[in-house]
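Beneath this line is the structure, given in structure tokens, with notes to follow.
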Number of protein chains: 2
Amino acid sequence: MLSHALSSTPSLLLPLAHTKHCEAPAPRTLHEHFSRAPTRAIAAKEHVFTEGDPRFHLYRVEVGAICLYKVMPDGRRQVLGFAYPGDLIGLGACDDHQCNAQATKRSQLRSVPWSTVQRLARQDPALGLKLYEAISQELAAAHDLLLTTGQRSAAERVATFLLAMVRRSRRNGQDATVIDLPMTRADIGDFLGLTIETVSRTFTKLRQLAIIDLAQSARVRVLDIEALEGLAQGDVDL
Amino acid sequence: MLSHALSSTPSLLLPLAHTKHCEAPAPRTLHEHFSRAPTRAIAAKEHVFTEGDPRFHLYRVEVGAICLYKVMPDGRRQVLGFAYPGDLIGLGACDDHQCNAQATKRSQLRSVPWSTVQRLARQDPALGLKLYEAISQELAAAHDLLLTTGQRSAAERVATFLLAMVRRSRRNGQDATVIDLPMTRADIGDFLGLTIETVSRTFTKLRQLAIIDLAQSARVRVLDIEALEGLAQGDVDL
DNA sequence: CGAACCATTGACCACCTTCAATGCGAGTGG
DNA sequence: CCACTCGCATTGAAGGTGGTCAATGGTTCG
């Protein structure tokens with residue numbers, strides 16, 4: 001989610017461009033502000049912000065994975081998405097955060113105060129456009145997820161989820177056939193509108209059909225991506 | 001959806017401020033551009049745009065109701081939302097429309113070319129912010145709907161839907177206890193991730209419990225809004 | 001090494017869907 | 001004006017998908 005719209009090349013890929021703290025000129029772009037900001041370590045399960053918190057910062061994920069979710073008074077939870085390195089979180093127009101952001105594992109973030117973002121946006125009209133593009137991508141992701149949770153069967157949902165992970169992996173130039181899932185079955189279930197058990201059972205069925213391999217529960221090797229695509233579109237019935 | 005963020009007072013409430021076509025100065029604000037644009041009539045079931053169309057215009061609904069939806073190759077449909085008078089449709093960053101927009105009944109729209117919007121946004125930084133706010137409201141609506149389709153039961157979904165209609169009616173200063181539904185049961189079902197039959201049965205149950213009255217199938221009178229709120233939050237089980 | 005957390009698997013059942021028939025209302029033409 | 005028709009809504013019966021409850025197994029971390 002939010003990938004690319006505002007992210008430049010992940011810093012991991014630029015180990016030689018070491019940050020220059022002392023002699024640097026005043027930061028002008030949002031990217032420069034992020035690069036200069038200290039990284040903040042977040043423990044697994046720790047919250048970055050929760051619903052209702054004042055919106056003080058714009059965050060960029062550097063390492064790990066952040067789960068964005070909403071909760072109902074009785075505890076039911078809907079995961080809205082996951083943010084990965086390069087993604088921005090904390091976008092939005094109103095004064096308070098509208099959802100919770102929780103690390104699914106040890107992570108690292110950088111942040112820039114919203115007041116700084118707004119100042120930059122006033123100087124640079126292109127930044128406003130970038131922010132608009134970023135949030136518009138988030139909207140497209142939400143609409144895709146709506147189609148999934150509203151209309152697809154359990155198998156279709158899980159297949160769709162795995163395919164999205166594969167595509168993200170591909171965009172990052174990694175081996176697309178092996179995916180490391182940085183979240184629990186509960187996170188996946190609450191993302192797809194399914195229970196833990198249904199997610200688990202569906203993974204098992206995919207394994208039995210030799211569509212995926214599950215050496216470890218958090219590591220999925222995709223063996224038959226076409227079958228996965230067929231499942232996701234409802235061409236076959238599992 | 002999108003209500004308020006960019007809409008000024010609905011023109012219906014300003015009958016005396018009649019549009020001046022000939023001697024008017026060059027339009028400066030987006031609102032002026034909209035007010036000056038001719039209204040376009042849309043028949044029931046007619047499409048304003050479809051998925052994949054180039055994004056030429058930003059539209060404002062003047063009269064009626066527009067249904068925004070996505071479809072899967074096999075015909076399954078997810079309604080993303082409904083746009084009512086004052087709401088903007090056609091927002092988004094990429095070159096093509098990502099969803100379909102179809103009138104649920106006879107409607108009227110005005111439109112402004114995106115090129116004009118972009119020119120105005122360059123002149124007026126506040127407009128960029130307004131657009132950002134508008135799309136961010138759409139995102140919030142999508143997230144709310146996700147919580148509903150992903151986690152709530154059929155009765156909770158219908159109750160949530162009716163409550164949203166009541167609140168919208170209240171914001172417009174209308175009698176909040178009587179709602180005219182400008183869409184079919186199929187639209188509601190595809191919005192909530194339910195079948196027509198389930199929607200209909202749920203309406204019937206609400207009527208039997210004297211929570212609503214259904215003189216006509218498109219006219220709902222809310223008799224017990226607290227019961228509706230209880231249902232929406234899952235406090236009671238229908 | 002133990003304990004806590006997470007994932008898997010099974011049995012049962014509830015809710016919603018599917019399929020089918022009937023009812024209702026608006027619009028059209030005779 | 002009425003009959004006809006079509007689209008939409010309602011209602012019923014049956015079945016399936018996914019949820020719930022419960023027990024076991026595996027992994028990781030202190």
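Values below: all heavy atoms of this structure, side chains included; hydrogens, waters and symmetry mates excluded. Below, chains carry the letters A, B, ... as their sequence lines are ordered, and counting in each starts from 1.
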With a 4.0 Å cut-off on heavy atoms, is [X] in touch with a base, just the backbone sugar-phosphate, or nothing at all?
{"X": "B:Arg207", "value": "sugar-phosphate"}
{"X": "A:Gly193", "value": "sugar-phosphate"}
{"X": "A:Ser217", "value": "sugar-phosphate"}
{"X": "A:Lys45", "value": "sugar-phosphate"}
{"X": "B:Ser200", "value": "base"}

Donor-acceptor side-chain pairing of A:Thr148 and A:Thr160 below 3.5 angstrom
no

Pairing donors with acceptors under 3.5 angstrom, does anything connect the side chains of B:Asp53 and B:Thr50?
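There is such a pair (donor and acceptor under 3.5 Å, judged by atom type) between the side chains of B:Asp53 and B:Thr50.
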
Atom-to-atom span, [atom1] of [X] to [atom2] of [N] - whole angstrom:
{"X": "B:Ile188", "N": "D:dC8", "atom1": "CD1", "atom2": "C1'", "result": "12 Å"}
{"X": "A:Lys205", "N": "C:dG10", "atom1": "NZ", "atom2": "C1'", "result": "13 Å"}
{"X": "B:Asp237", "N": "C:dC16", "atom1": "CG", "atom2": "P", "result": "10 Å"}
{"X": "A:Ile196", "N": "D:dA23", "atom1": "CD1", "atom2": "P", "result": "17 Å"}

When you measure from the side chain of A:Gln78 to the backbone of A:Lys70, do you find a donor-acceptor pair of N or O atoms at a distance under 3.5 Å?
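Checking the backbone N and O of A:Lys70 against the side chain of A:Gln78, no donor-acceptor pair under 3.5 Å is found.
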
If you check every side-chain atom of [X], which of [options] has the closest atom?
{"X": "B:Thr195", "options": "C:dT8, C:dT18, D:dA9", "result": "C:dT18"}
{"X": "B:Arg185", "options": "D:dG18, C:dT8, D:dT10", "result": "D:dT10"}
{"X": "A:Glu197", "options": "D:dT11, C:dG10, D:dG19", "result": "C:dG10"}
{"X": "A:Thr204", "options": "C:dT9, C:dC16, D:dA9", "result": "C:dT9"}

Counting neighbours of CZ on B:Arg106 that are heavy atoms of other residues, nucleotides or ligands and sit closer than 6.0 Å, is the number greater than 12?
no

Output field: ring centroids A:Tyr69/A:Phe191 closer than 6.0 Å
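Ring centres of A:Phe191 and A:Tyr69 not closer than 6.0 Å.
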
To the nearest 0.5 Å, tell me how far B:Ile66 CD1 sits from B:Asn100 CG.
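Here the rounded value is 12.5 Å.
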
Between B:Leu214 and A:Ala155, who's closer to the 5' end of DNA chain D by nearest nucleotide?
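Nearest nucleotide further toward 5': that of B:Leu214.
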
If you fit an axis to the five pairs at each end of the helix from C:dC1-D:dG30 to C:dG30-D:dC1, how big is the angle between those two axes, to 10 degrees?
40°

On the 0 to 90° scale, with breaks at 30° and 60°, tag the B:His97-B:Phe49 ring pair as parallel, tilted or perpendicular.
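Ring orientation of B:His97 relative to B:Phe49: parallel.
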
Look at the side chain of B:Arg201 and the base of C:dT18, then say whether one donor and one acceptor between them are separated by less than 3.5 Å.
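Counting by modelled atom types and ignoring angles, a donor-acceptor contact under 3.5 Å is found here.
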
Counting distance alone, no hydrogens or angles: does the base of C:dC24 have a donor or acceptor under 3.5 Å from a partner atom on the side chain of B:Gln216?
no

Short side-chain N/O contact from A:Thr198 to OP1 or OP2 of D:dG19, under 4.0 Å:
yes

